[in-house]
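First the proteins, then the strands, lettered A, B, ... as listed; each starts at 1. Just so we're clear, the structure is a prediction, and the values are computed from it rather than from any experiment.
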Number of protein chains: 2
Amino acid sequence: MDIPAALDALSTLLGDRLSRSKADLEAHGASESHYPLTPPDAVAYPQDTAEVAGILKICNQHGCPVIGWGAGTSLEGGALATTGGVAVDFSRMASVLEVRAEDMVARVQPGITREALNTELRATGLFFPVDPGANASIGGMVATRASGTTAVRYGTMRDNVAALEVVTASGEVIRTGSAAPKSSSGYDLTSLFVGSEGTLGLITEVTLRLQGQPEAVSAGVCAFGDIGSAVDAVTEVILTGIPMARIEFLDAATVAAVNGYSKADFPETPHLFVEFHGTPAAVAEQAERFGEIVTEHGCSGFDWSTKTEDRTRLWEMRHHAYWAILASRPGSRAIVTDVCVPVSRLAEAVAATQADIEAAGLQAPILGHVGDGNYHAILLLDGSEEERIAAEKVSSAMVERALEMGGTATGEHGVGIGKQKYMATEHGPAWDMMSTIKRALDPNGILNPGKVVPATG
Amino acid sequence: MDIPAALDALSTLLGDRLSRSKADLEAHGASESHYPLTPPDAVAYPQDTAEVAGILKICNQHGCPVIGWGAGTSLEGGALATTGGVAVDFSRMASVLEVRAEDMVARVQPGITREALNTELRATGLFFPVDPGANASIGGMVATRASGTTAVRYGTMRDNVAALEVVTASGEVIRTGSAAPKSSSGYDLTSLFVGSEGTLGLITEVTLRLQGQPEAVSAGVCAFGDIGSAVDAVTEVILTGIPMARIEFLDAATVAAVNGYSKADFPETPHLFVEFHGTPAAVAEQAERFGEIVTEHGCSGFDWSTKTEDRTRLWEMRHHAYWAILASRPGSRAIVTDVCVPVSRLAEAVAATQADIEAAGLQAPILGHVGDGNYHAILLLDGSEEERIAAEKVSSAMVERALEMGGTATGEHGVGIGKQKYMATEHGPAWDMMSTIKRALDPNGILNPGKVVPATG
Ligand SMILES: Cc1cc2nc3c(=O)[nH]c(=O)nc-3n(C[C@H](O)[C@H](O)[C@H](O)COP(=O)(O)OP(=O)(O)OC[C@H]3O[C@@H](n4cnc5c(N)ncnc54)[C@H](O)[C@@H]3O)c2cc1C
Ligand SMILES: Cc1cc2nc3c(=O)[nH]c(=O)nc-3n(C[C@H](O)[C@H](O)[C@H](O)COP(=O)(O)OP(=O)(O)OC[C@H]3O[C@@H](n4cnc5c(N)ncnc54)[C@H](O)[C@@H]3O)c2cc1C
C-alpha cells in the first residue's frame with residue numbers, strides 16, 4: 001500500500017479534480033448518523049468512465065483504497081474511508097444519458113440524484129419509483145440496494161435496475177444486463193453489483209426501469225389507539241392483496257416530532273400514512289377496501305385526498321421525519337436501526353422493540369415501511385457513554401430478534417461498518433462465499449476495504 | 001478426473017439409488033429439442049441434502065462431472081452430460097416443506113414440479129405464478145431463471161425466489177437470502193444462483209414467493225389480419241400500463257397447428273391469447289380498455305370469458321403449442337429459438353424473423369410471451385443436413401439481430417450448449433468475469449462443465 005505514490009499519479013491524471021483541501025476531506029469523512037469523522041486522503045471528481053478506469057488502475061497498482069461517494073446520505077458508514085485512500089465523488093457524472101420512453105428505461109450516470117432524475121422525467125409521463133426519502137444519488141442507491149416508501153408496490157433497487165456499467169478493481173470497464181425486459185443469459189452480474197456497496201466495482205452508468213405516472217393518485221392518513229392495531233391492520237391489508245403504493249407506520253413519538261418540526265396537528269397516536277396509484281376507479285376501490293379493513297382495526301376516521309398539494313405536504317413530512325426526530329432532542333445524534341422481518345412477525349417484533357426501548361429508558365421513535373416488514377428505531381444519543389451502550393444493546397437485540405424470526409439485519413440501509421458484526425450469524429458459510437467472490441474480483445482488496453466482508457488482499 | 005473411482009464411492013454412499021441401467025442413462029441423456037443423446041455415466045437419486053453434499057464431496061475429490069437433473073424439459077441441452085459424469089436426479093426430493101400463508105412464501109424441495117406445487121397450494125388461497133408451460137421442476141426453473149406466460153405480470157424466477165439452500169462444489173451446504181420481503185445484507189447470492197444452470201452449486205431447497213389467487217380472472221382471444229398489427233397492439237397495451245396477467249402471441253402457422261392438435265377452430269390468422277387478474281371491477285375495466293386498444297389495431301371482435309373451463313382449455317392449448325407444432329410435421333425435431341428484445345423493437349424483430357424463415361423456405365411457426373419482448377421461432381427439422389444448416393442460419397440471425405437491438409440471446413431457456421457461442425458477443429468482458437466467479441466457486445470445474453462459461457478446472 002503506497003498511498004502517496006497513488007496520489008501523485010492521480011493528481012497527474014485529474015489535475016485540480018483531485019482535491020486535498022481540509023473542507024473536502026471532512027465533507028467526505030462525515031456520516032449522516034452517529035459514526036465519527038473519518039476523512040479520506042483525497043477526493044477525486046472524475047468526469048467520465050475513462051477517468052474512473054484510470055483512477056482504479058492507479059489505485060490497484062499502488063494498493064490504495066478506493067471508496068465510492070454518491071450523496072453521502074447512507075446511514076451505516078458505508079462511504080467512510082476507515083483505512084484512508086481516495087473517495088471517488090460522482091457529482092460530476094450526473095447526467096441523464098438517454099430516456100427510452102417506449103421501453104420505459106432510462107440510462108443515467110451514477111451521480112444524479114433521484115429528485116433531479118424525476119424532475120427531468122416529468123415531461124415523459126414516466127417516473128423512477130424507488131424513494132429512500134433522502135435525496136440520494138442513483139449510484140449510491142444501487143450500491144446499497146436502497147428502497148423506501150414505495151417498495152411495497154414497485155420493489156427495491158434490486159427490481160428496478162436493468163443494466164449497469166461497472167469499472168472493476170483492475171480498471172476494466174464491463175457492462176452487465178441488457179435493455180430487454182428479461183434474460184436467462186448467464187450469471188446475474190447486475191444483481192451481484194446491486195447492494196455490493198462499492199466493494200466489487202465502481203458503478204459508472206445505470207439503466208433504470210421506469211414506471212408510468214399513475215392516472216390517479218390518492219393519499220390518506222389514519223390514526224390508531226395502539227401500535228398493535230396499526231400493525232395488524234397492515235398485515236391484513238397486505239394479505240388481502242390491495243396494491244398499496246405506500247404504507248408507512250409512525251409511532252406516537254414520531255408523530256409528535258413531525259407535528260413539532262412540520263407544524264402539523266396529527267393526534268399524537270400511532271399512524272399509517274398511505275397512498276394508492278391506479279386508474280380513478282381502481283384508486284377509489286382500493287381506498288374503500290383499505291378503509292373497511294383499518295376501521296375494523298380501530299382506525300378512527302380514514303380520510304383520503306386526491307389533491308396534489310395535500311399529498312406533497314404529507315410525503316414531505318414523512319421524508320423529514322428523521323430530521324424531525326433529531327430536532328426533537330436538540331444536539332443529539334442517532335443510531336438508526338433497520339431490521340426487516342416476515343410480515344407475520346412484524347407486530348411482535350415492533351412490540352418487543354418498544355418494550356426494550358422503554359426498559360432502557362431511551363428516547364427512540366419507531367417508524368417504518370411496514371408493508372415490507374421493515375422498520376427503524378431512531379435511537380437518540382445525547383453523547384454520554386452510558387446512553388450509547390444502552391442504545392447499542394437495544395439495537396443488537398432488534399437485529400438478533402429479527403434474525404431469529406427469519407428476517408435480516410438490514411432491510412435497506414446496507415452493511416457498511418455498523419452491520420458487519422451480524423453477518424456471520426445472518427449468513428453463516430454464505431458469508432465466506434461472499435469473501436471468496438470479493439477476493440476473486442478484487443484480489444488486492446482496494447475497493448471499499450472492510451465493508452460487507454472482512455478486509456482482504 | 002477419475003470417474004470409475006467416483007462411481008465406486010457413490011455406489012457405497014447411495015446403494016441402489018445410484019443407477020447405471022441403460023434405460024436410466026438414456027432417459028438422462030435425452031433432450032426435448034434437437035440435441036443428440038448424451039448419456040451420463042450414472043444417475044444418482046439423492047433423498048436429502050446430506051446425500052447431495054456427500055455426492056459432491058466424492059465427485060470433487062475425483063474430478064467427476066456432476067449435472068443436476070430436474071424434469072429434463074429444458075431446451076438448450078443444459079442438463080446433458082457432454083463430458084460424462086453423474087446426473088443428480090432430484091425426483092426423490094420433491095416435497096413441500098412448509099407453507100407460510102401469512103408471509104406468502106413456501107419452502108420446497110427442488111424436485112417438485114410446478115403443477116404438483118400448485119395442486120398442493122390450492123387450499124391455501126395462494127399460488128406460485130411462474131409458468132413455463134412444461135411441467136418443469138422448481139429446481140430446474142431456478143437453475144434456468146425460467147419464466148413463461150405470466151412473467152409480464154408476476155416476473156420471472158429472478159423475482160419469485162426469496163431464498164435458497166445450495167450445496168457447493170466442495171460439498172458445503174449454504175443458505176442464501178431470508179424470509180424477509182427485502183434485504184440489503186451483503187451480496188445477492190440468491191440471484192447469483194438463479195440462472196446459473198447448475199454450474200455454481202446444486203440447489204437443494206427453494207423458498208418461493210407466492211401470490212394470492214385473484215378474486216376474478218377473465219381470459220380472451222383476439223384475431224388480427226397481420227403480425228404487425230398484433231404486435232403493435234401489444235406495445236400500446238404495455239405502455240398504457242394495463243396490468244396484463246398474460247399476453248401471448250401466436251402466428252397463423254401456430255394457430256393452424258393448435259387447431260389441428262387440440263381440435264379447435266380459431267381463424268388461421270395471428271392471435272393474442274390474454275388473461276386479466278384482479279377484483280371483479282378491475283378485471284372488467286382492464287378487459288374493456290384492452291378491447292378498445294386492440295379494436296383500434298384491427299382486432300376483429302375481442303371476446304372474453306370468466307368461465308374456468310374456457311380458461312383452462314385456452315391455456316392447455318397454448319401450453320401444448322410446442323407439441324402441436326411438432327405434430328404438424330410428423331417425425332420432426334426442432335431448434336427452439338428464444339430471443340428477447342426491448343418491446344419497442346419487437347414488431348421489427350418478429351417481421352425480420354418471419355422474412356428470414358420465408359426466404360429460407362423453412363417451416364417455423366412463431367409464438368411468444370410478447371409482453372416481455374420474448375418470442376420463439378420453432379424451426380422444424382426433417383433430419384436433412386441442408387435444412388439443419390438453413391435453420392441454424394435463421395437462428396443465428398435472430399440472435400444477432402436481438403443483440404444489435406439491445407436484447408439478449410435467451411429470454412428464458414438459458415445458455416446450455418446452444419447459446420454458448422453468443423456469450424462473448426452479448427457480454428464482452430463481463431463473460432470473463434463470469435468465468436472468474438466460476439473458477440472461484442468451483443475450482444475443479446466439476447459442476448455442469450462447459451455450460452454457461454467455458455469449461456474450467
Ligand atoms: C433522512 C434519511 C432517510 C433515509 N431513508 C432511507 C430509506 O427510506 N430507504 C433507504 O434505502 N435508505 C434510506 N436512507 C439512507 C440513504 O439515503 C441510502 O443508503 C442511499 O442509497 C445512499 O445513497 P448516497 O448517494 O447518499 O450514497 P453514499 O452515502 O454516498 O454511499 C453509500 C454506499 O454506496 C457506495 N457508492 C456510492 N456511489 C457509488 C458508485 N457510483 N459505485 C459504487 N459504489 C458507490 C459508497 O461507497 C457507500 O458504500 C435515508 C437516509 C437519510 C439521511
Ligand atoms: C413444451 C415446452 C414449453 C416450454 N416453455 C417454456 C417457457 O415458457 N418458459 C421457460 O422459461 N421455459 C420453457 N420451457 C423450457 C423448460 O421447461 C425450462 O427450461 C425449465 O425451467 C426446465 O426445468 P426442468 O426441471 O425440466 O430442468 P432440467 O431440464 O432438468 O434442467 C435444466 C437445467 O437446470 C439444471 N438443474 C436442474 N435441477 C437443478 C438443481 N436442483 N440444482 C442445480 N441445477 C439444476 C440442469 O443441470 C440444467 O442445466 C419449455 C419446455 C417445453 C418442453
Counting heavy-atom pairs under 4.5 Å to chain A, which of [options] comes out on top?
| options | value |
| --- | --- |
| Ala440(B), Gly186(B), Gly195(B), Gly373(B) | Gly186(B) |
| Ala163(B), Gly371(B), Ser147(B), Ala179(B) | Ala179(B) |
| Leu403(B), Leu192(B), Thr176(B), Asn374(B) | Asn374(B) |
| Val105(B), Asp372(B), Val415(B), Leu441(B) | Asp372(B) |
| Glu172(B), Arg345(B), Glu236(B), Glu285(B) | Glu285(B) |
| Leu239(B), Val343(B), Val452(B) | Leu239(B) |

Drop me the distance from [X]'s [atom1] to [Y]'s [atom2], to the nearest 0.5 angstrom.
| X | Y | atom1 | atom2 | result |
| --- | --- | --- | --- | --- |
| Met434(B) | Ile174(A) | CE | CD1 | 8.5 Å |
| Asp103(B) | Ile238(A) | CG | CD1 | 11.5 Å |
| Ser185(B) | Arg145(A) | OG | CZ | 8.0 Å |
| Tyr187(A) | Lys438(B) | OH | NZ | 5.0 Å |
| Leu346(B) | Glu102(A) | CG | CD | 13.0 Å |
| Asp188(B) | Leu189(A) | CG | CG | 12.0 Å |

- request: Ignoring hydrogens and angles, state whether a donor on the side chain of Thr156(A) or Lys182(B) is under 3.5 Å from an acceptor on the partner side chain.
  value: no
query: Between the side chains of Thr279(A) and Arg289(B), is a donor N or O closer than 3.5 angstrom to an acceptor N or O?
result: no
Checking [X] against chain A: side chain, backbone, both or neither under 4.5 Å from a heavy atom?
| X | value |
| --- | --- |
| Met157(B) | neither |
| Met104(B) | side chain |
| Glu215(B) | side chain |
| Ala101(B) | backbone |
| Val173(B) | backbone |
| Lys419(B) | neither |
| Glu197(B) | side chain |
| Arg158(B) | both |
| Glu412(B) | both |
| His427(B) | both |
| Thr240(B) | neither |

Shorter than 4.5 Å, heavy atoms on both sides: which option in [options] has the most such pairs with chain B?
| options | result |
| --- | --- |
| Arg100(A), Lys451(A), Met423(A), Met433(A) | Met433(A) |
| Pro429(A), Gly414(A), Gly411(A) | Gly411(A) |
| Thr436(A), Thr168(A), Val339(A), Leu200(A) | Leu200(A) |

message: Run the ring pair (Phe, Tyr, Trp, His ring centres under 6.0 Å) test against Tyr422(A) and tell me which residues pass, sequence neighbours left out.
response: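 If we apply the ring pair (Phe, Tyr, Trp, His ring centres under 6.0 Å) test to Tyr422(A), skipping adjacent residues, there are no hits.
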- prompt: Can you check whether Cys340(A) reaches Ser183(B) side chain to side chain, under 4.5 Å on heavy atoms?
  reply: no
- prompt: For Ser178(A), which residues count as a side-chain contact (heavy atoms from CB on, under 4.5 Å) partner, sequence neighbours excluded?
  reply: Ala180(A), Thr408(B)
